[in-house]
Amino acid sequence: MQLWRGLPHYDSRAKLSTWCYRIALNTAISWRRDAQRLKRMPPEHRHGTETLVGQQHFSDEVALLERFLATLSEVDRAILLMYLEDLTSEESAEAMGMSAGAIRTRLSRIRGQLRNWEASDGT
């Protein structure tokens, strides 16, 4: 739906796939903020929406990744997820509105954080 709404604002200088990824990323971040807000509301004010993530059983590796992702900022989380989806630094940079060098630097720092996090038993 967000892609459809944003179509009149599409700038043809950007790759369509990158533009779509950026909209999907922004939509996901907004959805996550709304979900966090919902968790802080008293139960009687909630609309009974359950997340699919809470209903699924994940493998140990995915659960470990989710715990690590929770330690990252929204920007770093997005960069890591784009990396895991095999986007190039240039594609990630375009989606995030950053330089490719900044993306590579953040990925290097995220790897360091992961090493430190693993060394501390993932807690």
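Treat the numbers as computed from the prediction; the structure is a model and nothing was measured.
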Report task. With side-chain contact (heavy atoms from CB on, under 4.5 Å) as the test, would you mind laying out the steps for R67 and W117 before giving the verdict? Result -> CA-CA 10 Å; R67 285 201 329 264; W117 186 78; 3.9 Å; yes
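Taken to the nearest 0.5 Å, the CG atom of L69 stands 12.0 Å off from the CD atom of E74. Separation of atoms CD (E94) and OG (S99) is listed at 13.0 Å; rounding is to 0.5 Å.
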Scan the side chains in residues 103-116 for donor-acceptor partners under 3.5 Å anywhere in the protein, sequence neighbours excluded, and list what turns up.
{"from": "T105", "atom 1": "OG1", "to": "G101", "atom 2": "O", "distance (Å)": "3.0"}
{"from": "R106", "atom 1": "NH1", "to": "D76", "atom 2": "OD1", "distance (Å)": "2.7"}
{"from": "N116", "atom 1": "ND2", "to": "G112", "atom 2": "O", "distance (Å)": "3.4"}

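E91 and K15 are joined by a salt bridge, as a carboxylate oxygen and a charged side-chain nitrogen come within less than 4.0 angstrom of each other.
Using a 4.5 Å cut-off on side-chain heavy atoms (C-beta onward), F68 and E118 make no contact.
For the ring pair (Phe, Tyr, Trp, His ring centres under 6.0 Å) test, no residue two or more places apart in sequence or in another chain qualifies with Y83.
Heavy atoms only, all atoms of each residue included: A95 and T18 are closest at N-CG2, 3.5 Å.
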